[in-house]
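Report on the following structure.
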Amino acid sequence: MTDLVQNAAGDLAADSSRKDHPMWSSRLAFILAASGSAVGLGNIWKFPYITGENGGGAFVLVYLLCIALIGIPIMIAEVAIGRRGGRSPINSMRQLAQRDGLSKRWVWIGGMGMLASFLILSFYSVIGGWALSYVGNAAQGAFVGADSDTIGAMFGGLLADPIALLLWHSVFMLLVIIIVARGLSSGMEKAINILMPLLFVLLLVMVGYAMNTGNFAQGFSFLFQPDFSKLTTEGVLTALGHAFFTLSLGMGVMMAYGSYLPKKVSIVKTAVTVSVVDTAVALLAGLAIFPLVFANGLEAGAGPGLIFQTLPLAFGQMSGGVLFGSLFFALLVVAAVTSAISLLEPVVEWLEEQKGISRFGGTLIGGISIWALGILTILSLNQWSDVYPLGMFERFEGKTFFDLFDYVTANLMMPLGGLAIALFVGWFMSKQAGENELDLGNGAGYRLFMFVLRYITPAAVLVVFIYNLA
Ligand code: PHE
């Protein structure tokens, strides 16, 4: 992370007064980096498909509630821990626990987060590979005039081909490894700062297209008209887990980013901004996709292939679709890469700290192990699509390796990590530290935030957990 930020912070990092620990050059630099981590496949690929699988509106409402009552408070707490600790997640936790005379066990938040990063990136890279292969498809005009059967067969063909999947997964992982090994260059940083807003604009174009040609009214009401009869307890857990996944919470990523945040920046405002941007991208993706789903008689619950089976239909029919389509998938890859960097970074940082390995060596060891683990996800999509490693437990019935990695990280590990973070800042960290970091003064704003963090956030996570286990 140090390299990444040193470069990202540009001139300021070179400022001699800051040489002990580099800082983000501005609040904006932090917002861009944190949004880069948050906005990714979670928003454009995962949110629409889990919304489709869980019946729409009621699920979206629960997800939004989870963002507001659980996600935002935990993001604030996590960034605050990072800024106060000023180190990698594991060492920040160690440092803070020591300073306030608390148990060393809190370090486990960092450890579990690192394991979650490892597991998530192994499948995230495979999906990033899908997006990469679709850049090629779009550029070659494979979508032009294609109907939904052709588009569906194209996606099915990709999943059925482990060699192609392995190839794209390798390319994606290689990109991430190169960037993390070298640190994010300031040129790349500038490029990302242009490309991400461009992705946003392109999503708006797609929503515009969906308004004109799709079944917009039906798509809109699917997303925003809650029908609680469609919501299951499992769906509520999925919504909760996704709030963590999409905001990159509960595993130390935001802690690491927070350690570079200058003291004068408001954590509260910043966390709210990042969460709003992230949520807006997800909702726009939903508004672009569901009108197409209904206009073309597709299945909202089609699963992980949803965006790959709907958006190409639009690109195949709209004018300039070859250009828009290639650009869209390329930008999706960029969004995925900026998230993937934040997933590999903690692993590399830990390898560097623990074993005295060089950054380059750490990136290679971490990257290659994650790449290898990704093969299990690839096989889950074809040869091993009916291998259910934990099938003997009712909870994990019918889940492939891929399903398990996704489920265990998003629905269990991240909420648990987030719960621990909320409890740490709410109940254990010294009151003065909280007041110092949170710039809410010690008046009503501070008391309200602490009330939410101490009671509402942990209770919400626990209630969802207990309902699901019962
Ligand atoms: N938030 C990212 C996304 O929505 C995924 C991610 C999860 C990144 C956890 C970092 C940590 O795609």
Side-chain angles (χ1 to χ4, degrees), residues 1 4 31-51 63 66-67 71-72 74-75 78-79 82 88-89 109-110 112-131 172 176 179-180 192 196 199-200 203 238-258 271 274-286 304 307 331-350 366 370 405-418 421:
M1 182 79 52
L4 189 153
I31 290 180
L32 287 170
S35 318
S37 170
V39 174
L41 294 170
N43 307 62
I44 294 170
W45 160 72
K46 194 173 176 189
F47 171 73
Y49 100 72
I50 58 177
T51 298
Y63 157 76
C66 288
I67 294 282
I72 293 178
I74 289 180
M75 189 184 294
E78 194 171 332
V79 175
S88 74
I109 297 181
M112 186 172 69
M114 216 188 51
L115 181 64
S117 297
F118 199 87
L119 295 173
I120 292 175
L121 188 50
S122 80
F123 70 80
Y124 204 84
S125 168
V126 175
I127 315 295
W130 297 358
F172 186 89
V176 176
I179 295 173
V180 172
I192 290 170
M196 286 299 94
L199 175 66
F200 200 83
L203 270 176
T238 308
L240 172 79
H242 189 62
F244 282 93
F245 186 86
T246 192
L247 294 177
S248 311
L249 290 182
M251 47 191 284
V253 167
M254 290 296 163
M255 222 183 267
Y257 278 15
V274 172
S275 306
V276 167
V277 168
D278 186 83
T279 307
V281 173
L283 294 178
L284 283 180
I307 67 158
L331 294 173
L332 182 58
V333 170
V334 174
V337 167
T338 57
S339 302
I341 293 170
S342 73
L343 284 163
L344 183 54
E345 192 59 48
V347 177
V348 172
E349 208 170 19
W350 178 77
I370 291 169
F405 293 161
D406 177 26
Y407 188 92
V408 168
T409 50
N411 295 3
L412 303 176
M413 295 172 87
M414 298 172 89
L416 266 181
I421 287 169

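Counting starts at 1 for both ligands and their atoms, in listed order.
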Determine whether the side chains of Ser37 and Ser248 contain a donor N or O and an acceptor N or O closer than 3.5 Å.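 Judged by distance alone, the side chains do pair up.
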Consider every N or O of [X] and every N or O of ligand 1, then say whether any pair is closer than 3.5 Å.
X: Val39; value: no
X: Met251; value: no
X: Leu41; value: yes
X: Ile120; value: no

Met414 heavy atom under 4.0 Å from ligand 1: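 Met414 counts as a contact of ligand 1 under the 4.0 Å cut-off.
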Yes or no: does Tyr124 have any heavy atom under 4.0 Å from an atom of ligand 1?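 It does; at least one heavy atom falls under 4.0 Å.
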Hey, what's the ring geometry for Phe47 with His242, parallel, tilted or perpendicular (30° and 60° as the breaks)?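 Rings of Phe47 and His242: parallel, under 30°.
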Determine the minimum heavy-atom distance between Gly71 and Leu247, stating which atoms define it.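 Taking every non-hydrogen atom into account, CA-CD1, 3.9 Å.
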Among all the protein's non-hydrogen atoms, which is closest to [atom], and how far away is it?
atom: atom 7 (C) of ligand 1; answer: Phe245 O, 3.4 Å
atom: atom 8 (C) of ligand 1; answer: Ser248 OG, 3.3 Å
atom: atom 4 (O) of ligand 1; answer: Ala38 O, 2.9 Å

Flag side-chain contact, heavy atom, 4.5 Å: Leu344 against Ile179: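 Result no, sub-4.5 Å side-chain heavy-atom pair not found.
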Identify, by atom number and element, the atoms of ligand 1 in contact range of Ser37, meaning under 4.0 Å from any of its heavy atoms.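 The atoms of ligand 1 under 4.0 Å from a heavy atom of Ser37 are 1 (N), 2 (C), 8 (C), 10 (C).
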Can any side-chain N or O of Glu78 pair as donor or acceptor with the backbone N or O of Leu249 at less than 3.5 Å?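 No, Glu78 side chain to Leu249 backbone: no donor-acceptor pair under 3.5 Å.
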